[in-house]
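Since the structure comes first, as structure tokens, the remarks are kept for the end.
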Amino acid sequence: MLERQERLATVMTLEQGKPIAEARGEIVYAAGFLNWFAGEAERVYGMTIPASAAHKRILVLRQPVGVAALITPWNFPTAMLTRKLGPALAAGCTVVCKPAEQTPLSALELGRLFVEAGAPAGVVNILSMHAPQPFADAVFNDQRVRKISFTGSTEVGKQLLARSAEQVKRVSLELGGNAPLIVFADADIERAVAGAVAAKFRNAGQTCVCANRIFVHRQVYPEFSAQLQAAVARLHVGSGLDPATSIGPLIDQAALEKVQRHVSDAQQLGARVLSGGGAAAVAGGTDLFWQPTLLADAAPDMLVSSEETFGPVAPLIAFDSEEAVLAQANATQYGLAAYVFTSDIGRIFRMAEGLEYGIIGVNDGLPSAPQAPFGGVKESGLGREGGPTGIDEYLNIKYVALSL
Ligand code: SIN
């Protein structure tokens, strides 16, 4: 993958739209999952446990669950595939992958590399298709498929969870988010602005861990919003293949309409547009570009605060106390990622422990890494991907009772 980084990144940018520098970064990130789990494959240890009866022995084995069906999204077409493929193969499972309908080519390019690298036929199967239903029917009705791993919307995740009950299949779900990003008065404002730009505008705001609500302490609200506005003004909207671009197009018309709906709802309910606020015209491009948008005076009852926008829109909400912002941040059915910017060590621990989220970025707008467990609580998902526990999602535990 690293040798073919340029080709893989170019295919990704052409089909998904993200800036080429981000696509190159995604290839390195994606290869990192294969590298990490290649290491973990050597550590699928068992256990012996002392028994209370002298003539008995207890052995614990960890074995592959069986065929795994991997359903991946369009926003990170390569990394979300290797984040599932790496642990599945390391555990000893064969896989059937269904990439998102919008981005099949990145997955097929990766499949080509598996063939070239000598993966045995039938171990990595990648099926591109126009509609997901036949794939879902096939994998849910087949007893050989013992595991479903899905990254996508909470709505679809719930349907897959319900269907997995039919044959009691193992299921991992990485679903939607509504991440709060909280800037306290004692934060390093420059760092908080850089963190907010990374957490909000990466991939044009189309990540599950994107900052969706930016809470700013009233004392630093003017300084933070002015600095963020200046940073947003430096973002360049354009073709992903243009090296100057930092914001590419949205994935489709439905995505653009959602962003439009959220921005006009916020304006109607009293938010002020500090930057952007509308579609962006890009010469020779599609009509799917949206200007990076900064909204002041946002409030919790607006769509931008209560639903995942999945676009380059940053709503700023003022707060006065730690207790109040913690309650507001947790007032959502989602629990994937949260971000905190502060220099107070006590507050770091209080917030990290009090925030009901699976991932907490502390003074860090980009917490994702192959070595770290990624996943959410509440309606953001089940299970963890990456990190030392990622392989457990593809292993069954077997207990052998031995009587001597
Ligand atoms: C996602 O949006 O699902 C993944 C983002 C990441 O890995 O950072």
Side-chain angles (χ1 to χ4, degrees), residues 1 9 12 16-19 21-37 70-87 97-100 102-103 106-107 110 149-157 160 172-181 195-212 248 250-251 255 258 307-313 334-339 357-362 364-387 389-390 393:
M1 288 181 73
M12 189 190 301
Q16 197 268 343
K18 70 178 57 181
E22 287 190 30
R24 289 186 189 119
E26 179 173 338
I27 298 306
V28 175
Y29 179 43
F33 288 106
L34 298 186
N35 193 39
W36 172 263
F37 284 108
L70 312 179
I71 308 173
T72 54
W74 51 262
N75 61 343
F76 291 89
T78 307
M80 297 304 97
L81 188 50
T82 56
R83 190 152 80 182
K84 299 181 192 305
L85 256 174
C97 314
K98 190 204 81 61
Q102 297 92 330
T103 54
S106 295
L110 185 65
S149 179
F150 169 73
T151 296
S153 72
T154 294
E155 188 193 350
V156 173
L160 298 180
S172 302
L173 302 172
E174 201 265 273
L175 309 177
N178 181 3
L181 184 146
V197 170
K200 176 69 256 184
F201 294 104
R202 179 168 67 120
N203 202 11
Q206 301 172 112
T207 86
C208 303
V209 290
C210 263
N212 204 53
L250 294 170
I251 192 69
K258 186 176 193 189
E307 288 181 11
E308 189 177 32
T309 304
F310 236 64
V313 179
Y334 296 108
L336 187 54
Y339 305 87
Y357 290 82
I359 302 161
I360 314 287
V362 179
D364 185 359
L366 282 175
S368 308
Q371 306 81 5
F374 187 104
V377 299
K378 294 170 42 183
E379 293 186 24
S380 284
L382 288 176
R384 292 293 178 270
E385 296 190 307
T389 54
E393 306 285 335

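Counting starts at 1 for both ligands and their atoms, following the listed order.
- Test Lys84, Arg83, Glu174 against Ser149 for side chain to side chain contact (heavy atoms under 4.5 Å, CB included) and you get one pass: Lys84.
- Side-chain atoms of Pro367 and Val362, non-hydrogen and from C-beta on, never get closer than 4.5 Å to each other.
- When side chains are defined from C-beta on, Tyr334 does not count as touching Asn212, because their heavy atoms never get closer than 4.5 Å.
- Listed by chain and residue number, the protein contacts of ligand 1 are Tyr29, Asn75, Phe76, Met80, Arg83, Glu174, Arg202, Thr207, Cys208, Val209, Ser368, Phe374 (heavy atom within 4.0 angstrom).
- For the side-chain hydrogen bond (donor to acceptor under 3.5 Å, both in side chains) with Asn203, the qualifying choice from Gln16, Glu22, Glu26 is Gln16, the only one to do so.
- Counting only heavy atoms from C-beta outward, the side chains of Thr151 and Glu385 approach each other to under 4.5 Å.
- Looking only at side-chain heavy atoms (C-beta outward), Ile71 and Val156 stay at 4.5 Å or farther from each other.
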